[in-house]
Amino acid sequence: MIQITLPDGKILEKPVGTTSMDIAKGISEGLARNVLAAKFNGQVIDASRPLNSNGTLELLTWDHSEGKSTFWHSSAHLMAEALETFFPGIKFGIGPPIENGFYYDVDPGDQPISSEDFKKIEDKMLELARQSSQFVRREVSKEEAFQYFTEKGDQYKLDLIKDLQDGTITFYSQGNFTDLCRGPHIPDTGSIKAVKLMSVAGAYWRGDEKSKQLTRIYGITFPKQKELTEYLTLLEEAKKRDHRKLGKELELFTFSEKVGMGLPLWLPKGAQLRDRLEQFLKKAQLKAGYLPVVTPHIGNKDLYVTSGHYEKYGADSFQPIRTPAEGEEFFLKPMNCPHHCEIYKSKPHSYKELPIRYAEFGTVYRYEQSGELHGLTRVRGFTQDDAHLFCRPDQVKDEFIKVIDLVLFVFRALDFKEFIAQVSLRDPENKTKYIGTDENWEKAERAIVEAAAERGLNTVVETGEAAFYGPKLDFMVKDALGRKWQLGTIQVDYNLPERFELEYTGADNQKHRPVMIHRAPFGSMERFIAVLIEHCAGNFPLWLSPEQVIILGISEKYNDYAHKVSEFLKNSDIRASVDERDEKIGKKIRDAEIRKVPYMLIVGEKEAAENTVSVRKHGQGDMGSMSFEKFSEMILDDVKARMSGN
RNA sequence: GCCGAUGUAGCUCAGUUGGCCAGAGCUACUGAUUUGUAAUCAGUGGGUCGGGGGUUCGAAUCCCUCCAUCGGCUCCA
């Protein structure tokens with residue numbers, strides 16, 4: 001007999017070889033129907049696997065993320081089975097579950113698969129699912145595995161088997177399809193009730209640019225049709241928030257082929273929004289002891305030879321500008337730090353001065369591969385809310401914490417509640433990728449981990465994701481379509497101070513090397529605004545809104561009064577304008593609502609006579625009337641409260 | 001950069017077996033109207049059908065090529 005401990009603490013005595021499914025059936029038929037897999041002693045396994053030792057057991061259903069993963073992984077197999085019926089000889093790479101659904105990388109040979117094939121594949125998947133074929137697990141020898149896929153002619157599977165250890169290889173079969181697979185899988189295909197293939201895309205075999213490119217088919221499945229419908233509705237909603245769409249509709253930014261791809265043009269309203277954000281952060285930074293500096297957009301090649309960036313990125317960046325007479329080479333600056341190092345070097349420093357914090361909204365230019373460009377989130381010219389902190393080694397952790405606090409202040413002011421802090425450490429297996437000593441790396445990594453812990457950040461650690469010069473802490477958020485983007489970043493750098501031979505004089509009258517911290521709470525203005533647009537669906541908070549108030553006259557007769565109100569508001573630093581058009585009030589309101597102007601003031605005969613305005617709030621409707629002085633006060637109070645981060 | 005898809009007026013989109021001067025709505029402009037909380041009416045203007053080349057009596061439509069955009073991959077100081 002073995003003892004099985006359930007999540008509620010209950011302990012069951014069961015014969016050796018009992019399966020999780022048996023246990024589920026013992027609890028309830030309903031549960032048994034919904035069990036997709038099981039987690040035994042922390043390992044996810046098939047519900048049909050016999051249990052042979054004591055342990056803790058959790059039955060996984062659709063409500064568990066691991067249950068979903070198993071469901072989607074099995075769905076990938078189901079799709080593969082369907083694909084094989086339409087594309088005989090098709091070869092398979094890998095087919096894992098992902099955050100939303102699954103994909104399978106396939107090589108269909110000379111019979112391309114396009115989205116036009118989706119319908120028939122989906123139908124076939126549903127047809128196969130209805131047969132409720134069981135997923136059957138089988139342990140095979142490496143030799144047998146080789147033999148099977150050699151006969152099938154699937155070189156990708158052979159490539160995978162090559163790296164597997166004999167004795168650990170398993171096959172899973174359902175219906176007429178057998179795949180090399182670690183598992184686990186759901187009991188049978190019958191629970192897959194709704195299927196939707198999302199897209200096809202190219203993907204390199206094993207993620208290697210030099211390998212053959214396979215066709216990746218993305219799909220998602222659900223145990224209920226209703227859930228698929230809901231998911232598709234959610235995607236539609238997300239599309240409406242896409243910053244590229246809203247950016248155009250709200251006239252925030254645009255691109256021009258003539259100017260060049262990936263080079264955003266900020267329209268007046270977008271520039272206004274951007275300026276509000278800059279002013280907000282500049283104010284906070286002044287309070288936190290930052291010193292504003294300004295540096296040029298280009299820098300001599302020598303600067304980047306010294307920094308080491310020339311060697312690493314020289315060939316893959318915009319090529320240098322040459323002076324006609326001297327033939328000197330200048331690069332568009334891809335980052336601000338080398339310039340700031342030279343500012344630091346402009347005079348000797350005492351340990352008493354540190355930390356020194358140079359801040360600059362610095363516009364930088366990076367050559368991004370053409371296929372990488374994406375709205376405002378991935379561009380070739382962008383402005384970093386950059387700053388470089390030069391401090392003593394004993395100040396690193398404190399400074400780090402202060403920066404975390406600043407980032408959190410910004411996020412709070414802008415109502416970003418969901419983000420994760422990613423700690424990026426170097427890959428210990430591949431230390432040659434990085435510059436700097438082991439000792440310095442360890443010190444820096446420890447400082448980051450401790451600082452993040454002290455501020456209670458929700459962190460994930462990513463090994464091998466560090467920059468080549470130091471570890472970093474990045475704040476990640478998701479866009480409307482669930483894609484993850486890095487916003488703020490804090491990076492420790494022991495490298496540049498070394499390369500630029502930065503120094504300060506210590507209390508011992510000896511020269512010491514400062515530590516540098518790069519940091520940008522927004523990251524880049526472009527990306528931050530992109531994410532902000534999606535975050536608030538274009539309904540910017542009042543204090544940021546490019547147009548805060550629009551005054552709408554009932555007819556042209558009241559335009560004079562409307563202008564009087566507008567002038568009064570503008571004199572109080574409220575961004576107000578008048579819709580002077582000869583349109584009916586309904587039309588003016590509709591247009592202002594579509595433009596997402598936070599406040600509409602409707603003025604007619606009654607208001608003009610009483611010196612009042614009729615207030616309509618965006619998305620909420622009529623709020624009644626008040627004197628325009630009172631309205632102005634209300635707006636200013638709101639703005640003031642928000643800008644201070646409450 | 002790679003794979004796949006897309007590209008018609010300022011915007012959103014019709015226009016598919018190649019065939020009269022390429023269409024609609026919104027926007028813009030002109031006029032009428034002077035309006036009370038999400039679209040007043042009428043008229044006018046606006047397009048090298050992404051660029052270039054080709055096939056054809058004839059191309060927005062078929063082919064080639066380049067460019068840009070979109071979805072991914074790879075990359076991201």
Side-chain angles (χ1 to χ4, degrees), chain A residues 103 105 107 112-116 198-218 239 242 244-245 248-249 251 254-258 260-262 304 307-314 316-317 333-338 364-375 377-380 384 435 465-470 472 481 483 485-486 489 491 493 495-496 518 527 552-559 581-595 600-607 614-625:
Chain A
Y103 65 79
D105 283 346
D107 179 355
I113 300 176
S114 81
S115 49
E116 282 167 24
M198 305 304 295
S199 63
V200 278
Y204 300 108
W205 172 235
R206 302 205 134 177
D208 181 354
E209 214 174 343
K210 291 175 202 72
S211 298
K212 185 171 164 65
Q213 191 151 28
L214 304 179
T215 303
R216 177 169 296 179
I217 306 174
Y218 286 90
K239 265 192 195 157
D242 193 313
R244 292 167 298 186
K245 180 176 153 68
K248 191 183 270 183
E249 286 171 2
E251 297 177 4
T254 189
F255 290 89
S256 148
E257 285 188 27
K258 276 220 173 71
M261 59 161 99
Y304 302 108
S307 72
H309 292 105
Y310 179 77
E311 194 192 342
K312 195 159 172 74
Y313 294 104
D316 298 320
S317 56
K333 71 174 172 188
M335 80 290 295
N336 304 297
C337 25
V364 298
Y365 300 89
R366 295 179 184 176
Y367 173 78
E368 302 285 2
Q369 298 187 106
S370 58
E372 274 314 319
L373 302 173
H374 182 93
T377 52
R378 196 76 186 271
V379 287
R380 285 180 168 173
Q384 296 177 309
I435 39 190
E465 287 294 309
F468 76 93
Y469 52 76
K472 57 184 183 177
L481 296 171
R483 291 173 289 216
W485 296 101
Q486 175 205 311
T489 181
Q491 316 185 353
D493 188 346
N495 175 55
L496 280 186
H518 310 246
R527 180 175 293 178
L552 315 175
I554 292 294
S555 80
E556 283 183 304
K557 282 194 288 189
Y558 309 104
N559 278 354
R581 295 174 306 163
D582 175 15
E583 291 288 351
K584 293 178 77 170
I585 191 66
K587 169 73 167 166
K588 292 185 190 179
I589 287 171
R590 177 181 154 81
D591 288 349
E593 288 282 357
I594 288 169
R595 274 156 60 197
M600 285 148 275
L601 300 183
I602 289 129
V603 296
E605 191 171 355
K606 184 163 142 278
E607 288 78 10
S614 174
V615 180
R616 179 185 167 103
K617 197 167 181 179
H618 168 60
Q620 293 181 24
D622 197 349
M623 298 178 71
S625 62

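Letters A, B, ... are given to chains in the order of the sequence lines, protein chains preceding strands, and every chain is numbered from 1.
Set against B:C76, B:A77, B:U34, the side chain of A:E556 has B:U34 as its closest nucleotide. Closest to the A:I594 side chain, of the nucleotides B:C2, B:A38, B:C73, is B:A38. Listed nucleotides B:C3, B:A38, B:C75 differ in distance to A:E368; the shortest reach to its side chain belongs to B:C75. Closest contact between the side chain of A:E593 and the listed nucleotides B:U37, B:A38, B:C76 involves B:A38. Residue A:E257 has its side chain nearest to B:C67 when only B:C3, B:U37, B:C67 are considered. Proximity note for A:K584 (side chain, C-beta onward) versus B:A77, B:U40, B:C73: the nearest is B:U40. Among B:A77, B:U37, B:C11, the nucleotide with an atom closest to any side-chain atom of A:K248 is B:C11. Comparing B:G72, B:G71, B:A38 by their nearest atom to the side chain of A:S199 picks out B:G71. Distances from the side chain of A:R616 to the nucleotides B:G4, B:U34, B:U37 place B:U37 closest. The listed nucleotides are B:C73, B:G36, B:U34; the one nearest the side chain of A:Y204 is B:C73.
Put simply, the side chain of A:E116 and the base of B:G4 share no donor and acceptor less than 3.5 Å apart. For B:C3, the base has no donor-acceptor partner in the side chain of A:R216 [N/O atoms by modelled type, under 3.5 angstrom]. Contact of A:R366 with B:C75 (side chain to base): no donor-acceptor pair of N or O atoms is detected under 3.5 Å.
Remark: A:E249 CD is packed, more than 12 non-hydrogen atoms of other residues, nucleotides or ligands lying under 6.0 Å away.
With RNA chain B read from its 5' end, the first of the two nearest nucleotides for A:S114 and A:Q369 is the one closest to A:S114. Between A:E209 and A:G604, the residue anchored nearer the 5' end of RNA chain B, judged by the nucleotide with its closest heavy atom, is A:G604.
The nucleotide B:C70 finds its pairing partner in B:G4, both defining distances of the Watson-Crick or G-U wobble pair being shorter than 3.5 Å. Figure legend. B:U40 is base-paired to B:A32; pairs are counted as Watson-Crick or G-U wobble with both atom distances under 3.5 Å. As the counterpart of B:A22, no nucleotide is assigned, since no Watson-Crick or G-U wobble pattern has both distances under 3.5 Å. With a cut-off of 3.5 Å on both pairing distances, B:U56 has no Watson-Crick or G-U wobble partner at all. In a base pair of the Watson-Crick type (N1 to N3 plus N6-O4 or O6-N4) or a G-U wobble (N1-O2 and O6-N3), with each distance short of 3.5 Å, B:G46 is matched with no nucleotide. The partner of B:A9, taking Watson-Crick or G-U wobble pairs whose two distances both stay under 3.5 Å, does not exist in any strand shown.
Backbone-only engagement by A:R244 is indicated by non-hydrogen atom pairs under 4.0 Å involving sugar-phosphate atoms exclusively. A:E251 comes within 4.0 angstrom of nothing in the nucleic acid, heavy atoms only. Across all strands, A:G586 comes closer than 4.0 Å only to sugar-phosphate atoms, never to a base (heavy-atom distances). Heavy atoms of A:E583 sit under 4.0 angstrom from at least one base atom. A:G207 comes within 4.0 angstrom of the backbone, heavy atoms only, and of no base. No contact: A:Y103 has no heavy atom under 4.0 Å from any strand. Residue contacts shown for A:H518 are absent, as no nucleic acid heavy atom lies under 4.0 Å away. Heavy atoms of A:Q486 sit nowhere under 4.0 angstrom from any nucleic acid atom.
To the nearest whole angstrom, the two C1' atoms, one in B:U16 and one in B:A60, are 11 Å apart. Nucleotides B:U34 and B:A28, compared at atom C1', are 22 Å apart to the nearest Å.
For the pair A:Y313 and B:A77, the ring geometry qualifies as stacking, because the centroid separation is below 5.5 Å while the planes lie within an angle under 30°.
Atoms NZ (A:K472) and P (B:A77) sit 5 Å apart, rounded to a whole Å. We find that CE of A:M261 is positioned 11 Å from P of B:C70, with the value rounded to whole Å. Between the NZ atom of A:K587 and the C1' atom of B:U33 there is a distance of 16 Å, rounded to whole Å. One atom, CG of A:D316, and another, P of B:G1, lie 13 Å apart when rounded to the nearest Å.
A salt bridge is absent between A:D208 and A:R206; no separation between the charged side-chain nitrogens and carboxylate oxygens falls under 4.0 Å.
At least one side-chain nitrogen or oxygen of A:H374 sits closer than 4.0 Å to the OP1 or OP2 atom of B:G71.
The CG atom of A:N559 sits 10.0 Å away from atom CG of A:L552, with the distance rounded to the nearest 0.5 Å.
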